[in-house]
There are 2 protein chains.
Amino acid sequence: MRVVNTKGKKFRVPDATILRLPLYLDKLILLQQAGVKEVSSRQLATSLDIKASQLRHDFHYFGGFSKPGRPYQVDKLVPALEEIIGVDVPVPMIIVGAGHLGQGLANYRNFERLGFPLRGIFDVDPKLVGLEIRGVPIRPLSEMTAFVKEHGIKVGVLTVPVNVAQDVANQMVAAGVVGIWNFTPTDIRTPPQVIVRNERLAVGLMCLSFKTKRIGQTEELRGD
Amino acid sequence: MRVVNTKGKKFRVPDATILRLPLYLDKLILLQQAGVKEVSSRQLATSLDIKASQLRHDFHYFGGFSKPGRPYQVDKLVPALEEIIGVDVPVPMIIVGAGHLGQGLANYRNFERLGFPLRGIFDVDPKLVGLEIRGVPIRPLSEMTAFVKEHGIKVGVLTVPVNVAQDVANQMVAAGVVGIWNFTPTDIRTPPQVIVRNERLAVGLMCLSFKTKRIGQTEELRGD
DNA sequence: CCAATCATGTTAGGTCTTTGACAGGACTAA
DNA sequence: TTAGTCCTGTCAAAGACCTAACATGATTGG
């Protein structure tokens with residue numbers, strides 16, 4: 001994965017590093033909210049269950065964010081990472097499907113903070129239309145296409161029932177959405193220029209279960 | 001990560017492979033539901049955006065699931081993977097926090113299919129207590145500890161407001177839960193033998209945004 | 001029966017990622 | 001000032017992982 005730095009110079013950054021940047025930012029924002037001003041690579045790395053040298057190595061791709069002898073300043077690191085990840089340029093999004101999962105996500109305050117302002121919520125159910133969640137009204141699905149075009153919506157969250165997922169996704173793509181965050185447990189087909197991220201919750205659960213089942217076997221498996 | 005195969009022989013399987021197994025299973029179950037009987041490594045790999053040789057390599061750690069010349073049989077592969085991952089031994093779970101997110105997760109049918117039967121839902125709100133979601137009643141939080149002990153609950157899903165997350169997690173741990181699936185956007189502290197999986201939804205969103213923002217730059221960045 | 005095709009199992013080699021080690025800057029206390 | 005401590009930036013070596021390539025087996029059509 002190639003990235004362009006502030007001086008317009010191109011340099012290569014490993015995918016593995018890119019994937020960790022959001023984790024760093026997420027943790028740093030928690031620290032910032034807790035009033036922490038400085039954090040060392042060791043502290044930050046420990047809290048993320050990785051090695052400090054790896055964290056410094058990652059930061060090194062971007063030139064480093066401190067100088068030898070001084071820990072990182074949270075208030076400087078957060079905006080620096082936000083710019084690298086692209087959080088500083090807001091990406092307006094909509095949620096399609098206002099069932100419990102959709103409403104639950106709509107209540108997540110952190111999305112705004114992370115550059116994803118929620119601009120609209122859509123559903124076919126007339127009983128839901130008109131309700132407001134944190135100031136954002138639920139609109140009829142039929143208005144979605146016009147809304148996306150008018151507000152330049154880039155990302156859509158798909159939280160509809162499985163059986164209509166593909167159909168609704170098609171509408172989103174036709175309206176101009178370029179990224180779909182798919183919470184339905186099925187695959188959806190899209191043109192190649194549209195990016196789909198499948199949030200397969202069951203996968204996370206399986207990983208957790210895999211680990212918990214091996215707790216009792218620690219003795220036997222020691223030495224890994 | 002070490003794993004024991006059916007003959008009781010120990011062999012090492014890379015972490016990266018382990019993490020892909022749930023993805024394979026997830027996709028295969030979709031195929032199975034669609035009535036597909038056979039699938040080649042190429043087809044399966046393409047749908048997951050990985051190389052076919054990698055998939056075969058992964059399967060090779062477990063001895064392979066077919067023989068040269070014949071594609072994989074979905075109906076044999078699914079149970080084989082289920083046993084390896086541990087899905088065949090059910091892990092009863094509860095959801096703590098019956099807000100929208102909690103209710104949304106409670107509606108996810110796939111969890112049962114994947115070995116995680118939902119046994120209980122808990123909340124402090126008296127207005128929610130007594131409601132049923134797919135046959136599972138919402139109970140008062142005060143009954144959680146006894147319930148966990150009585151039913152041998154192993155995994156708890158944490159979908160409570162941020163400010164009470166740590167407190168509720170403490171109660172879960174004290175009751176005997178060994179795995180916590182944390183949906184609150186904060187860190188929770190637990191004894192080392194309790195496994196916490198943080199489902200940082202914002203991280204997934206950031207990865208999606210990172211990719212969508214680079215669509216327009218493809219020209220410039222070609223050659224990665 | 002034979003050739004062509006399609007498929008997996010298996011391995012070695014290359015690539016990517018992580019890790020430990022260390023040079024040197026900054027701060028603190030005496 | 002100086003010794004001690006803590007910290008980052010940097011790099012090379014070790015380790016983990018991925019991939020292309022190929023041997024071999026199954027199937028199909030002629």
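What you see is a predicted model; the values in this text were computed from it and never measured. Scope of the values below: all heavy atoms of this structure, side chains included, with no hydrogens, waters or symmetry mates. Quick note on labels: first sequence line is chain A, next is B, and so on, each numbered from 1.
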Starting from [atom2] on [N], measure out to [atom1] on [X] and report it in whole angstrom.
{"X": "B:Tyr61", "N": "C:dT11", "atom1": "OH", "atom2": "P", "answer": "12 Å"}
{"X": "B:Ile18", "N": "D:dC17", "atom1": "CD1", "atom2": "P", "answer": "10 Å"}
{"X": "B:Leu55", "N": "D:dC18", "atom1": "CG", "atom2": "C1'", "answer": "13 Å"}
{"X": "A:Phe62", "N": "D:dT8", "atom1": "CZ", "atom2": "C1'", "answer": "17 Å"}
{"X": "A:Asp58", "N": "D:dC11", "atom1": "CG", "atom2": "C1'", "answer": "15 Å"}
{"X": "A:Gln54", "N": "C:dA21", "atom1": "CD", "atom2": "C1'", "answer": "16 Å"}
{"X": "A:Arg56", "N": "C:dT18", "atom1": "CZ", "atom2": "P", "answer": "15 Å"}
{"X": "B:Phe59", "N": "C:dG9", "atom1": "CZ", "atom2": "P", "answer": "9 Å"}

Go through the steps for B:Tyr24 and B:Leu77 under the test side-chain contact (heavy atoms from CB on, under 4.5 Å), then give the verdict. CA-CA 10 Å; B:Tyr24 297 149; B:Leu77 199 41; over 6 Å; no
Among D:dA21, C:dT17, D:dC17, which is the nearest nucleotide to the side chain of A:Arg12? C:dT17
Of C:dT18, D:dT19, C:dT8, the nucleotide closest to the side chain of A:Arg20 is C:dT18
Just by distance, do the side chain of A:Gln43 and the backbone of A:Ser40 share a donor-acceptor pair under 3.5 Å? yes
Side chain of B:Gln166, backbone of B:Arg189: donor and acceptor closer than 3.5 Å? yes
Report the residues that fulfil salt bridge (charged side-chain N to carboxylate O under 4.0 Å, His left out) with B:Asp58, sequence neighbours left out, ordered by chain and then residue number. B:Arg20
Please report the shortest heavy-atom distance between A:Thr17 and A:Phe62, naming the atom on each side. CG2-CE1, 4.4 Å
A:Ile95 CD1 to A:Thr159 OG1 distance, which is reported to the nearest 0.5 Å: 6.0 Å
Quick check on [N]: is either OP1 or OP2 less than 4.0 Å from any side-chain nitrogen or oxygen of [X]?
{"X": "A:His60", "N": "D:dT10", "value": "yes"}
{"X": "B:His57", "N": "D:dC18", "value": "no"}
{"X": "B:Tyr72", "N": "C:dC6", "value": "no"}

Any side-chain heavy atom of A:Leu21 within less than 4.5 Å of one from A:Ile84? yes
Using heavy atoms and a sub-4.0 Å distance, could you list which residues of residues 39-53 of chain B are near DNA chain D? By number, please. B:Lys51, B:Ser53
So which protein N/O to nucleotides 25-30 of chain D N/O distances come out below 3.5 Å?
{"unit_1": "D:dG25", "atom_1": "N2", "unit_2": "B:Gly69", "atom_2": "N", "d": "3.4"}

When we call it a touch if two heavy atoms are under 4.0 Å apart, what does B:Phe65 touch: a base, just sugar-phosphate, or nothing? sugar-phosphate
Are A:Phe65 and A:Tyr72 close enough, and set up right, to give a ring pair (Phe, Tyr, Trp, His ring centres under 6.0 Å), and what steps lead you there? CA-CA 7 Å; A:Phe65 297 112; A:Tyr72 301 107; 7.0 Å; no
Give a yes or no on whether a salt bridge exists between B:Asp26 and B:Arg113, defined as a side-chain N under 4.0 angstrom from a carboxylate O. no
